[in-house]
Amino acid sequence: MREIFESILGKENVLENEPMCNHTTFKVGGCVDWFLMPESEEQLSGLLKVIKQENMPLFILGNGSNLLVGDKGIRGAVVCLCKKMDRIQVEGDEIYAESGAVLSRVSNAALAAGLSGIEFASGIPGSIGGAVFMNAGAYEHELKEAVSFVRYMDTSGEVFELSCAECEFGYRSSVFSKNNFIILGCRLKLKKDNKDAIKARIADYTSRRVSKQPLDKPSAGSTFKRPVGYFAGGLIEQSQLKGYSIGGAQVSEKHAGFIINTGNATAKDVLDLIEHVQKVVFEKFGVRLEPEVKLVGEF
Ligand SMILES: Cc1cc2nc3c(=O)[nH]c(=O)nc-3n(C[C@H](O)[C@H](O)[C@H](O)COP(=O)(O)OP(=O)(O)OC[C@H]3O[C@@H](n4cnc5c(N)ncnc54)[C@H](O)[C@@H]3O)c2cc1C
């Protein structure tokens, strides 16, 4: 397989037995068989054709900030769009960002151009592709508010575009998450605004994050989705689970909605802790917490 992958991507973009703990913000996860970094839509399309022909399992990786990868790793191919497909283009009051562009860069580009509408996402440590896939959100805003259209590829390598209305955005979901479409890029429709005002909003969101979230420890952000009518963090805190740990995984003392890696957590520790929290919260409140974090690979 190495020769075929290298003929499409070049030697430097093909890694074998690559530890996924190096590519996830949780800093856990075993090796993937093939870690592949296309630089263009053409390369990605060629790659997908081979992967399909070989019947190889495929996982698309953004910035790895919403993932729990199993200790036994991932069989098949991880295609990482964050390393090389990350160009950003500002055109008038719109920005086209390739899927691998991280949100902090997109938000900085918007600030530099005096464009408002994406400030809420500046502190989300994901890529724009991952954010579209998840319809990421914070502080009463969601990515869908800024999306004009999304360019995507299906697993046979064909390219399509969808308007925002066609993206079927829901709470942490989209047409892409329902169909495993591969997001290539996204056009954001923003509004002209005063740069100082944009900067002040980013600073406000940043200080709220720094004061409430355990940003000094590896995690994947909020572990659970917000259950209707409740806050996951509140339910976990009221279940006296703040600080509860299994192995190296701990319910953050600072924000009960986050599970953190205190240094040497395995994916199994994190998974066991997720299940423990779900059990305790269900017994106490009758509410079933559903992970927001995506579980990937073999545990
Ligand atoms: C400290 C911290 C704070 C966070 N705060 C927030 C927050 O405020 N709001 C919020 O919504 N999330 C938050 N998150 C979670 C996470 O950053 C978001 O879910 C983000 O959108 C994930 O993007 P990613 O590029 O890291 O995706 P990944 O974690 O790499 O992948 C997530 C999912 O998206 C898919 N995916 C990624 N890129 C593509 C693509 N190009 N095409 C198709 N599928 C793709 C993957 O296959 C996977 O299923 C936080 C995480 C951390 C660690």
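Order of appearance sets the numbers: ligands from 1, and atoms from 1 within every ligand.
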Partner of E298 under salt bridge (charged side-chain N to carboxylate O under 4.0 Å, His left out), picked from K268, R75, K72, is R75

Requested in this report: State whether the number of non-hydrogen atoms from other residues, nucleotides or ligands found under 6.0 Å of E3 atom CD is greater than 12.
Outcome: no

Q. What class does the angle between the rings of Y152 and F160 fall in, given that below 30° is parallel, 30 to 60° is tilted and above 60° is perpendicular?
A. parallel

Parallel, tilted or perpendicular, as decided by the 30° and 60° cut-offs, for the rings of Y205 and Y139: parallel

As a test of reading the model: which N/O atoms of the protein lie under 3.5 Å from N/O atoms of ligand 1, and at what distance?
unit_1, atom_1, unit_2, atom_2, d
ligand 1, 5 (N), R209, NH1, 3.2
ligand 1, 8 (O), R209, NH1, 3.4
ligand 1, 8 (O), R209, NH2, 2.9
ligand 1, 9 (N), G137, O, 2.6
ligand 1, 11 (O), G137, N, 3.0
ligand 1, 11 (O), G137, O, 3.4
ligand 1, 11 (O), R172, NE, 3.4
ligand 1, 17 (O), S65, OG, 2.7
ligand 1, 21 (O), G130, O, 3.4
ligand 1, 21 (O), A131, N, 3.4
ligand 1, 25 (O), N63, N, 2.8
ligand 1, 25 (O), S127, N, 2.8
ligand 1, 25 (O), S127, OG, 2.6
ligand 1, 26 (O), N63, N, 3.3
ligand 1, 26 (O), G64, N, 3.2
ligand 1, 26 (O), S65, N, 2.9
ligand 1, 26 (O), S65, OG, 2.6
ligand 1, 29 (O), S65, N, 3.1
ligand 1, 29 (O), N66, N, 2.8
ligand 1, 30 (O), G62, N, 2.8
ligand 1, 30 (O), N63, N, 3.3
ligand 1, 30 (O), G64, N, 2.8
ligand 1, 38 (N), G130, N, 3.4
ligand 1, 41 (N), I183, O, 3.1
ligand 1, 42 (N), I183, N, 2.9
ligand 1, 47 (O), I60, O, 2.6

Next item on the list: Assess whether side chain to side chain contact (heavy atoms under 4.5 Å, CB included) is satisfied between K254 and I260, documenting all intermediate values.
Entry: CA-CA 10 Å; K254 194 167 180 183; I260 55 169; over 6 Å; no

Worksheet entry | Atom CD of E12: over 12 foreign heavy atoms under 6.0 Å | yes

